[in-house]
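Working notes for the structure below.
Hydrogens, waters and symmetry mates are skipped; everything else that's a heavy atom, side chains included, is used.
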Amino acid sequence: RDTDRSRGLGDVYKRQIILDDGSSDGTLARLEKYQDNQLVEIVAKQNTGASSTRNVGIEMAEMDSEYLIFVDADDFVEADYLKLLFDQFKDNSNCDLAICGYRKEDENGELRFKAAGQKQVMDRRQALEQIFVSTGYEGYPWNKLFKTSIIKDNQIRFNTDLVLAEDLYFCCEYLLHCSKVSYDPKPVYHYVVQENSQINSNRYGAPYNPKSLNIITTYTRLQSLIPAKYQKVHQSINTQLCWSSTTILRNIMLAPNRDEVPADTIAKLKGIVKQNRHDFMQNTILSLIHIWPADEGLGVDLGGRRIIKK
């Protein structure tokens with residue numbers, strides 16, 4: 001995002017890598033003014049998606065960078081963005097990851113959500129548990145300052161096989177190698193939700209898209225990634241599986257193309273809900289349960305609560 005409001009990258013960073021993932025909107029032309037800046041490296045590449053593009057940046061940063069951070073092109077940051085993150089490393093000698101708060105807003109600057117929580121230092125288990133709290137810092141890469149050595153030594157990359165929540169998977173894999181994690185909830189990052197974003201494409205009443213099932217794939221992979229000793233983390237993953245499946249089922253019911261959805265897809269989603277409903281009902285964060293009228297087998301019975309068709 002080419003704006004004066006993004007000066008939070010200016011005073012602290014030693015190297016800025018700008019990756020153009022096959023843009024067709026004149027982005028490269030706008031970047032020409034930085035071509036003589038020795039601290040800015042511009043890479044033009046064919047469009048391969050966010051995960052693959054970020055991996056290119058990781059490989060470049062591993063050569064000589066001690067820390068690594070990701071900033072999305074549509075977003076902007078406050079002037080003290082990097083300082084707030086760096087200070088957490090300075091104040092905590094054993095810190096392996098620094099996290100800041102953020103604001104989620106639309107293109108007009110209207111606030112949709114602001115990350116909550118208290119300033120704290122967590123151990124690995126606490127950080128893994130907290131990343132699944134939907135009101136906290138969550139599994140985004142752009143509000144986190146990573147140690148390049150941890151990424152390099154453990155060959156951590158964004159999984160190009162995952163389409164949804166690949167950021168969360170990356171952050172969880174990184175956290176498994178952390179001793180201490182610091183969080184400052186001050187919202188110094190602005191995440192701008194675009195009208196054509198994935199969030200908006202999943203609105204109730206939109207046509208059903210089989211790609212929405214990719215979120216189930218990611219949470220299933222997370223079940224394999226996280227060691228069994230982190231019981232609360234697995235309970236959170238199970239909760240998310242139940243919640244995501246329930247949401248997809250409701251989207252199907254309200255979709256104009258609902259009759260085209262295979263019956264085995266609906267059966268699979270209902271099976272996931274049934275299998276994980278206990279952890280969902282025990283969850284203290286997702287306390288609001290969406291219940292809708294049963295219709296043609298799409299209604300879901302959560303925790304023994306019967307849904308009656310009117």
* Assess the pair Y189 and Y137: is the distance between their ring centroids shorter than 6.0 Å? => no
* Could you list the residues that satisfy side chain to side chain donor-acceptor pair (under 3.5 Å) with Y102, not counting sequence neighbours? => E138
* **All side chain to side chain donor-acceptor pair (under 3.5 Å) counterparts of N47, not counting sequence neighbours** => D21
* Checking ring pair (Phe, Tyr, Trp, His ring centres under 6.0 Å) for the pair Y169/F158: CA distance, chi angles, key distance, verdict? -> CA-CA 8 Å; Y169 189 95; F158 286 90; over 10 Å; no
* Asked: So, the side chain of D106 versus the backbone of E110: is there a donor-acceptor pair under 3.5 Å, distance only?
  -> yes
* Considering all heavy atoms of both residues, which atom of I42 and which atom of L31 are nearest to each other, and what is their separation? -> CD1-O, 3.4 Å
* Structure fact -> Taken in chain and number order and not counting sequence neighbours, the residues that satisfy salt bridge (charged side-chain N to carboxylate O under 4.0 Å, His left out) with E41 are R15
* Take atom CD of Q35 as the centre, draw a 6.0 Å sphere, and report whether it contains more than 12 heavy atoms from other residues, nucleotides or ligands. => yes
* Backbone N/O of C100 and side chain of N143: donor-acceptor pair under 3.5 Å -> yes
* Please round to the nearest 0.5 Å and tell me the distance separating atom CG of L249 and atom NZ of K270. => 8.0 Å
* Asked: Quick one: do the H177 and N154 side chains pair a donor with an acceptor below 3.5 Å?
  -> yes
* Reported CD-to-CD1 distance for the pair Q16 and I18, which is rounded to 0.5 angstrom -> 4.5 Å
* Does a side chain donor of either D20 or S23 reach within less than 3.5 Å of an acceptor in the other side chain? -> yes
* Asked: Can you check ring pair (Phe, Tyr, Trp, His ring centres under 6.0 Å) on F146 and Y174, steps first, answer last?
  -> CA-CA 9 Å; F146 301 88; Y174 182 93; 4.9 Å; yes
* To do: To the nearest 0.5 Å, tell me how far I237 CD1 sits from T218 OG1.
  => 11.0 Å
* Asked: CD1 of I17 to CD1 of I58: how many Å apart, nearest 0.5 Å?
  -> 10.0 Å
* Listed partners of D25 passing side chain to side chain donor-acceptor pair (under 3.5 Å), at least two apart -> T27
* Asked: Among pairs that include at least one residue of residues 221-235, which meet side chain to side chain donor-acceptor pair (under 3.5 Å), considering only residues two or more places apart or in two chains?
  -> Q223-N238
* Applying salt bridge (charged side-chain N to carboxylate O under 4.0 Å, His left out), name anything that partners D91, two or more places apart in sequence or on another chain. => none
